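Quick caveat, the model's predicted, so the values are computed rather than measured.
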Number of protein chains: 2
Amino acid sequence: MNRKSDRMADIARRLGVSKSTVSRSLSDSPEIGKATKARVLAEARAVGYAVNPLASALKTRRGRILLVLVPRIENFLFPMLLRTIERAASEMEYTLMIGYVAGDSRTDDRLLDFMYSGAADGVIIATGFAPDTLAERLDRGEMWPAAFVMTPGARNDIPSIALDDYGAGREVYRRLRAEGYKRIGMVSGASGPTAVGQLRRNAFIEAAVEDGAAREDLVIFDGSFRYETGWNAREFIAKASDRLDAVICGSDEIAFGLINGLRSLGVSVPRDLAVAGFDDILFARHFSPSLTTVRQPIEEMGRLAVAKIVEMVERKSWSATEMLGFEVVMRESAPAGGGEATPPERSHKISAPRR
Amino acid sequence: MNRKSDRMADIARRLGVSKSTVSRSLSDSPEIGKATKARVLAEARAVGYAVNPLASALKTRRGRILLVLVPRIENFLFPMLLRTIERAASEMEYTLMIGYVAGDSRTDDRLLDFMYSGAADGVIIATGFAPDTLAERLDRGEMWPAAFVMTPGARNDIPSIALDDYGAGREVYRRLRAEGYKRIGMVSGASGPTAVGQLRRNAFIEAAVEDGAAREDLVIFDGSFRYETGWNAREFIAKASDRLDAVICGSDEIAFGLINGLRSLGVSVPRDLAVAGFDDILFARHFSPSLTTVRQPIEEMGRLAVAKIVEMVERKSWSATEMLGFEVVMRESAPAGGGEATPPERSHKISAPRR
DNA sequence: TTGTAGGCGTTATCAC
DNA sequence: GTGATAACGCCTACAA
């Protein structure tokens, strides 16, 4: 293996200047002569010299690296999130180190050691939990640039950039009701590992109860965010289908599973029952029927997360939690105005609220 | 910000030993007393000390980091690939630095500078092209641990771990014929940026011609690997549908687009026409109809890529290109034996080969 | 505006 | 088996 590149000293010697001069030229320091700087840059470009980021980081304790922690769980949103984070980071001249961590906490410490050593500048956590070693340090009062993203954070000394899941849950319910769907059920992701499923489930329940439904009459099936949950709910929902006009699912994947499951039982979506999802993953528009769902502002989340971390790093300032807006996208699986088409004999009597 | 951790010197002082002793204990060097080593490890664990990877890498020119270069293009396989690579790397105690590069070559040099400086040990390239700065160095005769993955490599001084796309293309054709489908067309991804589309297209053509079809009678629509290509092909294929029993698509996404497109024109898959995809992305089994396709051995690719790089790094040995096997998965969109059900009047007269 | 010197936290080489 | 010492390649007071 031949990996001997020039060092600053080589460039300096060749140009008859000192290492400092080269260093200053390359880091466009203000205290450097325009002419010498030009000479140095020219030479550097000519021989393909690049500053050794390792040595530089060791000295300055700034590596221009961002850590990103994602859960190993299958989720179609993470790839998108990663890409937007990378793009934003790249624009600010940061690179990404990635770790897929087991799920809740216990992450690979090797990754975080980069941060503690100064190689990495901050960490974006998409798992909902601060890894143990970070939590310990924060508890000790140390401060590290970190942010939760796409999930409500587990601690409030770290900002969190996430969808307003509760608000979105209520809005889907409200919107479906406005479109004429009267009796609405849910297949939730509340049994999964994240708090998001609970938020969406609670939002649904409270919106329905405020709307006049009886808490104990609500049709709810609980599971994780995965496809299998929807599939497993098929009989439960099919049996309740004469009491329902629409079903809100905790995720798009659940919705896919439910729609396919119902189809296998002869229940057609949206003809017999409308189904709405959550997230607007790439496939939602290509599924058949295309999915009515809530769009997550992934792009915005990625950009904001990076911006906040970089702000914390470079200005040493602190940053606040951010709750992002959402958008309900009406498609075929629960078409706008679709509830009006419900045959009269299926029209629903909403139970009066009990105390 | 409070980020002062202990250094080796601190541990050493506290234990009344030298830095060397601490270093040796922590890197389980053979030349160290069992007792002292135990003391050091205990102390290190007690105070939560971890070796500074930056300083270590600067000295040893080994950072235990692997670069991964992925294209920014949407492709449902990359997330899976990344995860398997990360898992394999993690088991060998490497971490991942990721760069989404624009597409063909021009990548972010910052990323590769980590490798050139010794921080990163090798690079896994999933874009099909060696980035410029790497190519230059290789041309100069330097050697860097690198491997192409999931795509035939652009240079043969770097190993490539990929599916036998040509073989797989022929096998899909052969398999469909064996299942009774007589007249087969293709919607290819050959106009896309990678060579893979071409390989699959050529395989199809040659298999068909050897099978007795006339080259100029073959029904082929060319596009990229994306959903839109399938959708755009819908009218072309629908018009030719009375001359076809099945269509092979260059990717699963194309197949989804085609199936949806045909449905919009009243052509039902597989009743009127069978459709097969390529890749077996996660969604292939959940689509309706579920997709007959060729499974890429993503897991195997990820593991093999990491194993090869690590081998190159640690044993300084060289490694050879690897062509992986595949598997045709028969599902609803082109069911096994489905070709037999073709009504007799649609049976096909295969043109004799012309010279 | 430029040069000199010292150190960032490790590991490797050499003694003992 | 253990300890002193010199790099690794860069940045940054401080001095000129």
Side-chain angles (χ1 to χ4, degrees), chain A residues 1 3-41 43-44 47-64 110 113-121, chain B residues 1 3-41 44 47-65 110 113-121:
Chain A
M1 307 259 170
R3 39 167 87 186
K4 74 163 187 313
S5 300
D6 304 21
R7 294 147 301 154
M8 267 192 184
D10 299 318
I11 309 271
R13 188 170 20 75
R14 232 176 283 136
L15 259 44
V17 298
S18 75
K19 292 192 297 176
S20 338
T21 302
V22 178
S23 175
R24 285 192 266 254
S25 303
L26 261 32
S27 56
D28 48 34
S29 148
E31 38 181 18
I32 189 77
K34 235 170 132 44
T36 28
K37 175 170 175 177
R39 278 179 60 219
V40 172
L41 291 181
E43 171 70 7
V47 301
Y49 170 78
V51 171
N52 183 327
L54 223 51
S56 171
L58 179 59
K59 185 67 185 163
T60 61
R61 330 198 111 255
R62 291 279 321 276
R64 302 201 78 81
R110 204 171 342 105
D113 286 342
F114 275 94
M115 184 161 83
Y116 305 140
S117 73
D121 299 292
Chain B
M1 306 258 174
R3 40 166 86 185
K4 73 159 187 315
S5 301
D6 304 20
R7 293 146 302 153
M8 265 191 186
D10 300 318
I11 310 271
R13 189 170 20 75
R14 235 176 282 137
L15 259 45
V17 297
S18 75
K19 291 192 298 176
S20 327
T21 301
V22 177
S23 177
R24 283 193 267 254
S25 303
L26 260 32
S27 58
D28 48 32
S29 148
E31 40 182 16
I32 188 78
K34 235 173 130 42
T36 27
K37 176 170 175 176
R39 277 178 63 218
V40 172
L41 291 181
V47 301
Y49 170 78
V51 171
N52 184 327
L54 223 51
S56 173
L58 178 60
K59 185 66 185 163
T60 62
R61 330 194 110 254
R62 292 277 322 279
R64 302 203 78 82
I65 295 180
R110 204 170 343 105
D113 287 342
F114 274 93
M115 184 162 81
Y116 306 140
S117 72
D121 300 290

Phe114(B) CZ to dG9(D) C1', straight-line distance once rounded to whole Å: 14 Å
Under 4.0 angstrom, heavy atoms only, what part of the nucleic acid is Thr36(B) near: base, sugar-phosphate, or nothing? sugar-phosphate
Is the side chain of Ser56(B) donor-acceptor paired with the backbone N or O of Asn52(B) at a distance under 3.5 Å, no angle test? no
Whole-Å distance between dC10(D) P and Arg62(A) CZ? 18 Å
Considering every strand and a 4.0 Å limit on heavy-atom distances, what is the contact class for Ile32(A): base, sugar-phosphate, or nothing? sugar-phosphate
Can you check whether Ser56(B) has a side-chain N or O nearer than 4.0 Å to OP1 or OP2 of dG9(C)? no
Separation of dC8(D) P from Asn52(A) CG (nearest whole Å): 12 Å
Under-4.0 Å side-chain N/O to phosphate OP1/OP2 contact, Ser18(A) with dT4(C): no
Taking for each residue the nucleotide of DNA chain D with the nearest heavy atom, is it Glu31(B) or Thr60(B) whose nucleotide lies nearer the 5' end? Glu31(B)
Choosing from dT10(C), dG9(D), dA4(D), which nucleotide comes nearest the side chain of Ser20(B)? dA4(D)
Please report the distance, rounded to the nearest Å, between CD1 in Ile11(A) and P in dT2(C). 17 Å
Upstream residue (5' side of DNA chain C) when Ala55(A) and Thr21(A) are each assigned their closest nucleotide: Thr21(A)
For Val22(B) and Leu15(B), what are the C-alpha separation, side-chain angles and deciding distance, and is it a side chain to side chain contact (heavy atoms under 4.5 Å, CB included)? CA-CA 9 Å; Val22(B) 177; Leu15(B) 259 45; 5.6 Å; no
Please report, rounded to the nearest Å, how far the C1' atom of dT2(D) is from the NZ atom of Lys37(B). 15 Å
Does Ser23(A) place a side-chain N or O at less than 4.0 Å from the phosphate oxygens OP1/OP2 of dC11(D)? yes
Is any side-chain heavy atom of Arg24(A) closer than 4.5 Å to a side-chain heavy atom of Thr36(A)? no
note: Leu15(B), atom CG; dG3(D), atom C1'; distance rounded to Å ~ 15 Å
Comparing Tyr49(A) with Lys59(B), nearest DNA chain D nucleotide closer to 5' gives the residue Lys59(B)
Tell me whether the side-chain N/O atoms of Arg61(A) come closer than 4.0 Å to OP1 or OP2 in dG9(C). yes
How many Å lie between NZ on Lys19(B) and P on dG9(C), as a whole number? 10 Å
Tell me: CZ of Arg64(B) to P of dT10(C), nearest whole Å? 17 Å
Assess, by modelled atom type and distance only, whether the side chains of Ser20(B) and Ser23(B) contain a donor and an acceptor separated by less than 3.5 Å. no
Is the backbone N or O of Ala119(A) less than 3.5 Å from a side-chain atom of Arg62(A), with the two atoms forming a donor-acceptor pair by type? no
